[in-house]
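One structure is given below, encoded as structure tokens.
Not measured: the values here are computed from a predicted model. Order of listing sets the numbers, starting from 1, for every ligand and every atom in it.
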Amino acid sequence: MSLANGRHYLAIPGPSVMPDRVLQAMHRAAPNIYSGALVDLAATLPPDLCALAGTSGKVAMYIANGHGIWEAALSNVLSAGDKALVLATGRFAHGWGEMAERLGIETEIIDFGLRSPVDLARLSEALSADKDHRIKAVMVVHVDTSTSVRNDVAGVREALDAERHPALLMVDCIASLGCDRFEMDDWGADVMVAASQKGLMTPPGMGFVFFNEKADALRTGSTNVTKYWDWRPRATPEEFYQYWDGTAPTHHLYGLREALDMISEEGRENVWHRHATLARCYWAALDAWSSEGPIEVNIADRANRSHSVTAVRIGAPRGTMLRDWLTQKAGVTLGIGLGMAAPGDPAWHGFFRIGHMGHVNAHMALGTICAMEAGLTALGIPHGKGALDAAALVCSEA
Ligand SMILES: *Cc1c(COP(=O)(O)O)cnc(C)c1O
């Protein structure tokens, strides 16, 4: 018997749940893209995006997913032959680094593995070894969605400053903007990238590059930048269509406007607090389960865990069994493991991820946890007791 009929909950780390308000805002006929309401609406987005990111810098909006936005950011500041230092704490940092290489950028990768954040001491060593400042940019992922590690971006800036190293600090906040605290200016990030389909609760298809004056100065010399990726016309729009270099992403704009309104109605601090509390709710349950049996949160230290996604180790084939059970019997879908084992390797089935980003609340987290408990029991996967009590207690104290 399946108990899955009812509203399905896709609890994967992006695309995230779309609020009804966002969907309704998008449900309309095609608007005029040359003048009128849509043009006015588009101009309201950059100030709100910058406020959310904590920057007085600029933002360029693109029609692109996260991968496109990676390329947009790199091509504006780094040319073929330039060198970048990639701080790798999971699949996404490696992916961004690989993209840099395809642009002819030389990369030095410090690999911190799949279970730890950036080690700032090792970063300092690499920076101090770079005596003639060949490294033009340090690339780091704030929340790596594959490992669910969260890196200390302000700490990376302190390491750069302590070494008096002039490299740009480039940060991927695709999985953290609108979920985890991020203060672009205070933390000293020069370039930051984000996308629409995670904390911003809008369908995939729009991406954002935030940048300051220091980064824009490097734009002048870039030989990689193409007309489409150039951030300058997009960040200083005299004409609406210059934002887009073609047809505007009409319905995304309505959806994003609504999502940003929802974030400002709730308040940035409250949004972060909600994500932090729901993350702790999941961790409390996972701690209880892992007291007996094979379940383990990938990142041991809570201080280094993302508030938007949690990667879990459970041993093959239990990860896939549990995910399938939850989809088929309980109407909730968890994310696959990513970057932990190669697809095709039987070990691939030993991981899953829970997305708790964006439009999520206590009953969604508590419901998912209770459904997971039912799945563990039904499948005979050993697990410690008390998960539901522990999770409820976290929410009761919020
Ligand atoms: C999702 C994600 C990406 C890639 O975004 P796409 O839209 O899938 O290309 C990159 N970095 C991080 C941290 C992500 O979470």
(request) Can you label the angle between the Trp70 ring and the His67 ring as parallel, tilted or perpendicular, going by 30° and 60°? (result) tilted

(request) Answer yes if the ring centres of Trp272 and His275 are under 6.0 angstrom apart, and no otherwise. (result)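 When the ring centroids of Trp272 and His275 are compared, they turn out to be at least 6.0 Å apart.
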
(request) Answer with yes or no after comparing the ring centroid distance for Tyr62 and Trp231 against a 6.0 Å cut-off, counting only values under it. (result)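 No: the rings miss the under 6.0 Å criterion.
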
(message) Check this for me - ligand 1, Asp144, N or O atoms closer than 3.5 angstrom, yes or no?
(response)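 No, no N or O pair falls under 3.5 Å.
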
(request) Of the side chain and backbone of Asp172, name the one, both, or neither that has a heavy atom under 4.0 Å from an atom of ligand 1. (result) side chain

Can you sort out which atoms of ligand 1 are near [X], meaning under 4.0 Å from one of its heavy atoms?
{"X": "Thr145", "answer": "12 (C), 13 (C), 14 (C), 15 (O)"}
{"X": "His67", "answer": "4 (C), 6 (P), 9 (O)"}
{"X": "Val141", "answer": "13 (C)"}
{"X": "Gly66", "answer": "5 (O), 6 (P), 7 (O), 9 (O)"}
{"X": "Lys198", "answer": "1 (C), 2 (C), 3 (C), 14 (C), 15 (O)"}
{"X": "Val143", "answer": "13 (C)"}

(message) Between ligand 1 and Gln197, can you find any atom pair, the residue atom being a heavy atom, that is separated by under 4.0 Å?
(response) yes

(message) Can you tell me if Trp70 contacts ligand 1 (heavy atom of the residue under 4.0 Å from the ligand)?
(response)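 Yes, Trp70 has heavy atoms under 4.0 Å from ligand 1.
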
(request) Tell me, with the steps shown, if Thr327 and Thr333 meet side chain to side chain donor-acceptor pair (under 3.5 Å). (result) CA-CA 5 Å; Thr327 296; Thr333 295; 2.9 Å; yes

(request) Return yes if some donor-acceptor pair links the side-chain N/O of Arg353 with the main-chain N/O of Gly335 below 3.5 Å, else return no. (result) no

(request) Using the ring of Tyr254 (Phe, Tyr or Trp, six-membered ring only), decide whether Arg28 places NZ or CZ under 6.0 Å from its centre and within 45 degrees of its axis. (result) yes

(message) Using side-chain heavy atoms (C-beta onward) and a distance below 4.5 Å, is Leu169 in contact with Trp187?
(response)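 Contact flag for Leu169/Trp187 side chains = no.
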
